[in-house]
Amino acid sequence: MAQKYPEYKGINYADIAEQVLTFWKEKEVFERSVSEREGAPTFTFFEGPPSANGTPGIHHVMARTVKDIFCRYKTMQGFQVKRKGGWDTHGLPVELQVEKELGITKEDIGKKISVEEYNRKCREAVMKFKDQWDELTQKMGYWVDLDKPYITFEPQYIESLWHLLKKLYDKGLLYKGYTIQPYSPGAGTGLSSHELNQPGCYRNVKDVSATALFKVKGTERDYLMAWTTTPWTLPSNNSLAVGKNITYVKVATYNPYTYQPINVILAKDRLPAYFNEKAKEIALEEYKEGDKLIPWQVLDELKGSQLVGTSYEQLMPYIPLAAPALTVLEGDFVTTEDGTGIVHLAQAFGADDYRVSVANGVPGVFVKDEDGNPMPAVDKQGRFVKEMGDLAGRYVKEEFYADEVRNAPDFKSTDVYISIKLKEEGKAFKVEKYEHSYPHCWRTDKPILYYPLESWFIKTTAYKEQLVRLNRTINWKPESTGIGRFGNWLENLVDWNLSRSRYWGTPLPIWRTEDKKEEKCIGSLAELKAEVAKAIAAGIDQKPIEGDFDPHRPFVDEVYLVSDSGKKMTREADLIDVWFDSGAMPYAQWHWPFEAQDVLKENFPADFIAEGVDQTRGWFFTLHALAVMLFDDVAFKNVIANGLVLDKNGNKMSKRLGNAIDPFKTLAQYGPDATRWYMIANANPWDNLKFDLEGIVEVQRRFFGTLHNTYNFFALYANLDGFRYQEGEVPLEQRTESDRWIISRLNSLIADVERAYNDYEPTKAARAISDFTVDDLSNWYVRLNRKRFWRGDYTQDKQAAYQTLYDCLEVIARLSAPIAPFYAELLYRNLNGVSGRQQQESVHLALFPKADQGRIDLDLEERMHDAQIISSLVHSLRKKEKIKVRQPLSRILIPILNQHQREMISAVEDLILNEVNVKSIEYIDDASGVLVKQIKPNLPRLGKTYGPRMKEITGAVAKFEQADIARLEREGVYTLELPGGPINLTLEDVLITSQDIPGWSVASEEDITVALDMQISDELRQEGIARDLVNRLQNLRKDMGLDVQDKISITVARGETLVNAALEANREYICTETQALQLQFTDQLPEGTLLEMDDVQLRVQVEQV
RNA sequence: GGGCUUGUAGCUCAGGUGGUUAGAGCGCUACACUGAUAAUGUAGAGGUCCGUGGUUCGAGUCCACGCAGGCCCA
């Protein structure tokens, strides 16, 4: 055990971190923090796997700090916290990166490069920056198991996924269906939203837009008007949608192309877009064919809800439809921003269209393909099918035609062709070019279609109720993400589209016969092996499954099974959504259920997870969905959804803009503790953080600097006195008021910090620790008690001071260990290395402190608060009167409102007198007759009783004279005669303070007022001189390079009488303060140093003895 | 376009349940202190509490509608 507390000259926080890191590694502290808790209750944390195909950023430091804090905290509370690291390895970003590096596109896969080779490249790329990630993890002090991480591409991981998929399959939750997706007919493939968001995909184009007239059934000439920018979808119209709260009007007018009188229905707000205000004046009868201004007249007004259910005639009956098609539905997406406020729906060609149609049980326009399966009226090349009469074979978009066809003089696009047809049939009201933004395929450069594509789905909607119900049991930080963002997402749940048409990912383990009548879902590699053996036996030639089988493509595609009826089965080509990979990590990370049954039992669900708020619909959802559907349980009980890390101006960080912060540089320059502390203390994790390096500097100076100074102060004197905390603890009642106060504050702090951590409020914890350290401990306790440490013998009082300060520092180390793991470790080990008070050699193996309620004395805290206010007021008065603190003063006056206040202040009198260098406090009360009182109405109280009469009451109270206040105080009640009737005012209804003493210089704050006696007697003046001398002598000592404990002898040249008297009268004081063994006078001292004091000069000589 | 979120001093942030004069730290200015000294203390300047309307005796706080930034989704 060390004899001395290490003392520091300068400190480099990054070096400290390196040392601590080495210590952790040597002593395997992280491993032990888990293994030493074997058998203890578990606290389960799930690590959301990052993808190592990119470099880590500063925001990862933020996210991981949040995770780390609570894992360390719970460990210190005695829980066993296993944290398995993980890597997310599949998915489109990996594929795109590889394609970019190889200079290929998706088309080249299978041609220029084999799927096997391509996937091998992906596998390499995905771990490209693993070393950087591991380095960051270590350097920032994030404790997570990097030795045995789960990796989503490993066969065991995939096997677990297959098991879960099969469970879903067996529950009937996996089905193949349609979804409307962006589709490129030229490329023959669906596009992901990611692909659509590539720059240049959305372009402004001019399309033909048509406002079509849908005739209401059973009327002579009533039409519903609907507008579309894709007239080619009109033959597939199956419904119209209106907004239920939108107001619609029926307007009598004429068809501008056929000139026939008609009544049209549209949203009232859209009238100006279709009708000329000038034409409103014209009588309907005056209209003649071809007139430019077409008269119109509003006949009727009705709500959207009244329109719902209205039947209309099919606009273009190529494929006849029957009810419930061709009726008006309600659509939540309908607006009056553009169009008519009535939206045309074609089930096959729009996501909203599909959703609303299916929800209302409305059939769409479909034909049968060769296999008898339904298909839309447009084929996958983008052409109308043969059933579409004169439209058959036409491409729906003119861009799909070859250029020579398109440029022919008589070429008409399909949209134009249809528009003309509608005009001729009296079914069009307006046809015009319309410019809008429309997505294009990044490969073919041609517009995409929204088109129904086959996909595998998980029927999450079947579990909507459970998902919502169980979500309510999750503690979300912030709450709004849980009930708002996530809750709304669950309320509007759609089935989970699992399919991805890609190469690098988890293959869907479903095999089908060619006629799609038979299907098998495989739930394990063993099962696959057995099924393959069966297939081989049935004569399907292929390799048997070996132990080292890689379940990725292309190998899994070369596996064929045999159906129960003896037919060959091939795998569905889809891969699954990578979110399934990560959502299944609670089970797959342990290769459950093939291994680790017990581990899962102990470690599910998670007590805590944390990830960016952008994961709400990603990881948070898939974790939740799988846990609810498979286990009827939540996957996590507490979750922090942290915000973004922006640059200091609030802009998103990006490498392109050059405002990204390099995490490695930051950690190297400022060290991990200040970086972590700044990120946590500056803003709540769920708010966006405006990351400013200046902020780290501030944290370093203010919190770590102060803490370190305080420790250094302690170490300096504790080493001199040989304090090693070997003596028994000084009983609380034998300690000073300020000792008991800081101990009380310390225990309050422990309770506050524990509560904050328990509530997943790390910001509150950090701020509380910092405020205590800076304000209470350093700026008040140490300041007040400095002399106890460096003066006098090693008495019990001195021991009490050391013990108190030691305890504070040691508790701060443990409280802040989760946030600042390195510095806390250093502090803890520096202290404990000498005292040996704790058994654990690391703060992270130690237990979190417990607040001792018995040591919390709120009365004492209030008293000390008063002392602080009074001291501050006296300083303020001295400053105003230009009397420096070194000049002692005789007394301060404090008006006392009641006995309690007097007792409170008396108890801390010595502290105040010491701090402000004043000899005594005089309390003055009513009896003195000099107080001037002030009265204020107690608004919250009066407001509750009198409400609207407040104005007259406050007015009356404002007019109170001293006599009125005295009468109220004397009688306890005062009747106000007011215009609105008399009111009995009691003492509780008002706040009386004393804020003035006539003839004195006073200052006041809260309910305390202080007056200062500025008379300086000769005696006080002498003492002031003595203090000045001490101060100058101390400076001399320092200049001479003397150590604190070195002794001196002082020789002073006689001077003014007052000065001589001052030195004689305060000889002992001067000697004690300056560690002088003797103080002697002489007449001449030419070699002595001339000391300049305010209005005195003195020659002295100081020698070390 | 929808959902969620943020807006308070030059900067970063506090401001239960509505209550008279809106706070802290940093920065700035001035002064003081000097055995914690690359510290510390005191004072000062600095505010349309994003805007508009409403509820109320009283709104930074509650309600409505906007504006601006952010995230997610369409």
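Here is how names work: the chains are called A, B, and so on, in the same order as the sequence lines, proteins then strands, and each is numbered from 1. This structure is a prediction, so every number in the text was calculated from the model and none was measured.
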May I have the distance from [X] (atom [atom1]) to [N] (atom [atom2]), rounded to whole angstrom?
| X | N | atom1 | atom2 | answer |
| --- | --- | --- | --- | --- |
| A/R767 | B/G23 | CZ | C1' | 13 Å |
| A/D1028 | B/C33 | CG | P | 8 Å |
| A/L493 | B/A74 | CG | C1' | 16 Å |

Searching all strands shown, indicate the nucleotide that pairs with [N] (Watson-Crick or G-U wobble; both distances under 3.5 Å).
| N | result |
| --- | --- |
| B/A68 | B/U6 |
| B/A43 | B/U29 |
| B/U48 | none |
| B/A24 | B/U12 |

Could one point to a donor on the side chain of A/R485 or the base of B/C73 with an acceptor on the other under 3.5 Å away?
->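 Looking at the base of B/C73, it does not pair with any donor or acceptor on the side chain of A/R485 (distance under 3.5 Å).
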
Kindly say whether, by distance alone, the side chain of A/S778 makes a donor-acceptor pair under 3.5 Å with the base of B/A39?
->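 No.
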
Rounding to the closest angstrom, what is the interatomic distance between B/A43 and B/U48 at atom P?
->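 24 Å, rounded to whole Å.
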
Determine the sole option in A/F486, A/W496, A/W489, A/W619 for which the ring pair (Phe, Tyr, Trp, His ring centres under 6.0 Å) test with A/H624 is passed.
->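 Going through the options one by one, the only one that passes is A/F486.
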
Side chain of [X] only, heavy atoms from C-beta on: which candidate in [options] is closest?
| X | options | value |
| --- | --- | --- |
| A/D614 | B/G19, B/C72, B/A36 | B/C72 |
| A/S480 | B/U6, B/G25, B/C4 | B/C4 |
| A/H875 | B/U42, B/C72, B/C26 | B/U42 |
| A/L644 | B/G41, B/U5, B/C71 | B/C71 |

Any donor-acceptor N or O pair under 3.5 Å, side chains A/N471, A/W476 |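 Judged by distance alone, the side chains do pair up.
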
Of all residues at least two apart in sequence or in a different chain, which pass the salt bridge (Lys or Arg N to Asp or Glu O under 4.0 Å) check with A/E952?
->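 With sequence neighbours excluded, A/E952 shows a salt bridge (Lys or Arg N to Asp or Glu O under 4.0 Å) to A/R949, given in chain and number order.
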
If you look only at distance, which donor and acceptor atoms sit under 3.5 Å apart when one is on a side chain in residues 770-778 of chain A and the other is two or more places apart or in another chain?
residue : atom : partner : partner atom : Å
A/T773  : OG1  : A/I769  : O            : 2.7
A/D776  : OD2  : A/R745  : NE           : 3.0
A/D776  : OD2  : A/R745  : NH2          : 3.0

